[in-house]
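Everything on this sheet refers to the single structure shown next.
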Amino acid sequence: MKGERRKKKDNRKGTRFARNREMYVCAMLFIALFAGLFGYLASYVVKNDETLFNNSYNSRQRVLAQENRRGTIYAAGGEALARSVQGTDGGEIREYPYGEVFAHVVGYSQKGRTGIEELENYFLIQSDIAERKKMDNELAGTKNPGNDVYTTLDVTLQQAAYDALGAYQGAIVVTDVRTGRILAMVSKPDFDPNQIVQIWEQVSTDTDNAALVNRVTQGLYPPGSTFKIVTALAYLRQFGDQWQNYSYQCNGAYTYGESKINCFHGSVHGKVDLGLSFAKSCNSSFANIGMQLNRKKFQDTIDSLLFNAELPIPLSYNKTTVRLTEESSTEDVVQTSIGQGKTQISPMQLNLITAAIANEGVLMRPVLVDSIKSAEGKILEENRPVQYCQLMAKEEAAQLGKLMEEVVQEGTGRGLKDRAYTCAGKTGSAEFNDEKLDSHAWFTGFAPAQDPEIAVTVIVERIGSGGDYAVPLARRVFDAYFLG
Amino acid sequence: MASFFVIYSKYLIILFLAAFLSCGLYGLTFHSVREQTVVANAECVFLFLTQFSAFLTIVLRTQQMRYLVLYAFLQILTLALPILGVLLFPGLNRLLLNHVCMLLSAGMIILTRLDIAKAQKQLAIAAASFMLGFLAVWVIKSFKVLKKLGWVYMAVGLAAIGTVLLLGQLTRGAKLSFTVIGITFQPSEFVKILYVLFLASLLAKDTGILQVVLAGMGAAAHVLVLVFSKDLGSALIYFAVYVIMVTVACHRIVYLLLGTAAGAGASVVAYRLFSHVQVRFQAWKDPWSVIDDQGYQITQSLFAMSRGGWFGLGIGKGTPGDIPHVETDFIFSAVVEELGLLFGIGIVGVGIVIFLQLIQLAGGLKDGFYKNLAVGIGFLYLFQMFLTVGGGTKFIPLTGVTLPFISYGGSSVMATTWLFFMAEGIFVMRQEEELKIERRKKEKEGQP
């Protein structure tokens, strides 16, 4: 019976294919395995090129360093910020003509890599001149010129920001709000990248000064009153046009339960509306606003401004954190509303928010490198301005812009009033411990107030109020940009 | 002019290999003898062009004449092979021979660049293997008694790998080889031949469940000895070949499913039992966390491939020497680094064409033994290639088997040559039978 059935089966499928069906199935399986392998290899080669290249275990860089001379990093005006020259012993020396001024943003390439030296290492170390020239160089025993990086940095503005900070510790960052180009980025204390090998032992171990840290992107500070931009936006979103009806009687302190918070230096602001609360930076009024906000919506607004999220910036940075939930204590809500408590922000992120307000709510993707070219001028990579996202509605941006103008006209930012350009901004005095006198001075703002061009963010560590210490520094930067 | 050539030869080499491969694929589609000869001749031209461009690059770059001598030997060998082959056996499949020569040439190019002494040794062994290979052709086509020697193959094979287990030398933790009169052998490579013969013979006789179990016990004995020798890569290959040969011979897909399940189960057991399996698994899953240690080899291999990209850095321009044991386990990465991923895929493609030729051959055979043999050789070769290339590129965990013909290893080259020449024997035998049938037909027609 069984034998018969088998025979029938054989007869029915007597073709060559049927006789070898199992073999073909196995063969197809193997071919499929190889197809998978090829697909994997192809995607591997395409995707991982640059990340694997920069791994320190990869000898490729060592080999290329023998073949090529590391490329030059240029400022927007064509000034060399980092270049390789022949040393007296025939070896290659990395030279930074501006020394400390660009130390953090340009970085260094010995003792590890930072800044643009790290960011564009892949291109700097390679040479994309014609293969023919490379061969000639090899025969002649000379190195190929590496690819050059053209940054968006403006030497005048960088120098102005650097000089403005003077001996203070802190950071200044300037961006073009319409294109996202980063024009200046200064962090202090600084170091001389020309001496990095000699001073390495000292700067890398001195954690008090932490001179190697780029405070613009890696520094996390309590935002202080600059966070009132966020609280105000949350209020606008929740109450819409009714914000005009807001009114509060400030007695110099806001009491909740058994605690209270004071306005800065115990000022009493009297009857204030939203505009005046913002301009005068009235803590009591903003604590009151914070308590009126729906916590979920408040947190949504916070999240929409890139807190607790990855930032679209090319340099290594630290993520900022703010966390509010339905269960948050009154203490947390009040402290968050005025930018104290556990909230932290980096100057770069505050600058991005400011730039978006200035640019009708649109955040442009920050650009530090304009283009990369081979030594023969062939363009290898070019960064055109692109929108990163709509950070807030156009009306909301306009509304916040007006509030920030008032700060300069009537409030804590009066140091910027009556210049040849109009300015809008927000100050902050972030207390970072209980000794009330110790505070970081913040200013973030943009100019011109109508049709804005640049956003400037300043922080000066442990100095006093933002209006007294950060605003004058911002003024020097704005002056450098608008008055030359 | 010379510098120009050195720069652009890497593209030329890829182009020639692509042309060669196209011929090979085209050769799979028809059977006319005259056309086969045309394709085979075209393949030879592209083979020589590939060899010529690669070695010219090496010589121009290094300015050393000894590379020229090696090239001359390789050229003579690959030229003499088809001529000698066709003279000895008119029915020889020249395409298969060409493909084998291409694999050997690719191996010689990269080995020459890595270590010329090893390349010279490899070439000498290959030459000897080819000459002895013609003997294999003759033996396969002439001695029908080979069909009946099933248990003899097993006994000899087991004795050989058993001896290694008892007396062999340790190579990186595994007992793989022993030395006789100054020559080091790796018997598990040669036992593969006996093993395929053993299974082909047993499964040709009968495909009932009892026979499958009997063959399975023989196979299990091989696998166990290899496991005890800690040669897990070979054990895996032996196991897979058994499963596939049984599946094909018995016309039962269920054996493939059962075998795969059993293989998966055995892998889990092996993982629990052997620490070196755990190490290999870890190095595959996340080599970056152990980059200084177990992950070093595989990450260096990945670096090498990323350096090469699609077109490679050019012969002599890379640093494949960074990968430990590059000339055996990681030869593919060296190929990709200097000759490019396209070339690497092309070479694997040549291997796949060989496999397809054997499948095509097996598909047309009526005799169970020869058919099983062709199937066994084809899958054995392809599976081993998959393990090496996949393992060296982190597609699958590393098993530590070599890439036949391309990796450095005399035993591997010799054994694989003989396997392919056995397949040639089947080709010749089939050709002679077809001729016989045609002659008979003509005689019949001749008679009124």
Side-chain angles (χ1 to χ4, degrees), chain A residues 3 6 9-10 13 15-64 66-67 122 126 130-140, chain B residues 2-4 6-8 243-244 247-253 255-256 288 291-292 295-296 299-300 302-310 313-314 317-319 321-322 336 340-341 344-345 348-349 351-352 355-356 359 362-364 366 371 375 378-379 382-383 385-386 389-390 393-396:
Chain A
R6 167 71 60 78
K9 208 172 163 185
D10 284 351
K13 299 181 176 177
T15 61
R16 177 168 168 168
F17 175 79
R19 268 189 288 122
N20 297 297
R21 200 183 50 180
E22 291 74 17
M23 183 173 75
Y24 291 139
V25 169
C26 291
M28 288 314 291
L29 278 175
F30 269 76
I31 302 290
L33 277 180
F34 273 96
L37 175 61
F38 289 162
Y40 161 82
L41 288 175
S43 74
Y44 182 85
V45 160
V46 172
K47 270 196 306 205
N48 294 307
D49 189 22
E50 201 171 325
T51 40
L52 289 193
F53 183 91
N54 282 321
N55 191 302
S56 61
Y57 283 80
N58 193 341
S59 67
R60 187 76 196 130
Q61 297 194 38
R62 277 200 309 280
V63 174
L64 284 176
Q66 285 157 18
E67 289 174 7
Y122 179 75
Q126 300 202 67
E131 290 286 334
R132 192 64 201 279
K133 283 246 181 70
K134 281 191 194 173
M135 199 70 205
D136 292 344
N137 285 339
E138 194 179 327
L139 293 174
Chain B
S3 68
F4 217 72
V6 171
I7 297 162
Y8 293 106
V243 171
I244 287 170
T247 305
V248 174
C250 302
H251 299 285
R252 297 260 169 126
I253 282 292
Y255 284 135
L256 181 67
W288 305 105
I291 192 166
D292 270 319
Y296 188 76
T299 47
Q300 286 300 330
L302 292 175
F303 290 143
M305 288 201 306
S306 78
R307 292 194 288 261
W310 289 108
L313 295 171
K317 294 275 277 177
T319 47
D322 288 357
V336 172
L341 182 63
I345 288 179
V348 175
I352 292 176
F355 166 75
L356 291 174
I359 291 300
K366 295 264 174 358
K371 181 172 175 169
V375 169
F379 279 99
L382 199 68
F383 188 59
M385 190 160 73
F386 179 73
V389 176
T393 57
K394 208 178 91 64
F395 188 58
I396 54 172

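Letters go in sequence order (proteins before strands), and every chain restarts at 1.
Looking at B/W288, the atoms closer than 4.5 Å to chain A (heavy atoms on both sides) all sit in the side chain, from C-beta outward. Heavy atoms closer than 4.5 Å to chain A are found in both the backbone and the side chain of B/K394. Using a 4.5 Å cut-off between heavy atoms, B/L341 touches chain A through its side chain atoms alone. Contact of B/F355 with chain A is made through the side chain alone, with heavy-atom distances under 4.5 Å.
Scanning both residues, A/N20 and B/G363, for their nearest heavy atoms gives ND2-O, 3.1 Å. For the residue pair A/E22 and B/R252, the shortest heavy atom distance occurs at CG-N, 3.7 Å. Residues B/G390 and A/L37 approach most closely at CA-CD1, 3.9 Å, considering heavy atoms. When every heavy atom of B/A362 is checked against every heavy atom of A/M23, the shortest pair comes out as CB-SD, 3.8 Å.
Here B/I352 contributes atom CD1 and A/F34 contributes atom CZ; the two are 5.0 Å apart, rounded to the nearest 0.5 Å. Rounding to the nearest 0.5 angstrom, the gap separating the CG atom in A/L33 from the CE atom in B/M385 is 11.5 Å. For the atom pair NZ of A/K134 and NZ of B/K317, the computed distance is 7.0 Å after rounding to the nearest 0.5 Å.
Under the 30°/60° scheme for interplanar angles, the aromatic rings of A/Y40 and B/F395 are found to be tilted.
Annotation: maximal heavy-atom pairing with chain A below 4.5 Å, among B/L382, B/V389, B/L356, occurs at B/L382. Chain A forms more heavy-atom pairs under 4.5 Å with one residue of B/V375, B/I359, B/I396 than with any other, namely B/I359. Most heavy-atom pairs under 4.5 Å with chain B, from the set A/L41, A/V25, A/I31: that is A/L41. Put simply, of B/L302, B/I244, B/L256, the one with the most heavy-atom pairs under 4.5 Å next to chain A is B/L302. Note on B/I253, B/I345, B/T319: by heavy-atom pairs under 4.5 Å with chain A, the leading option is B/I345.
Between B/F379 and A/F30, the distance from one ring center to the other falls under 6.0 angstrom.
Residues satisfying the side chain to side chain donor-acceptor pair (under 3.5 Å) test with A/Y24, not counting sequence neighbours, are none.
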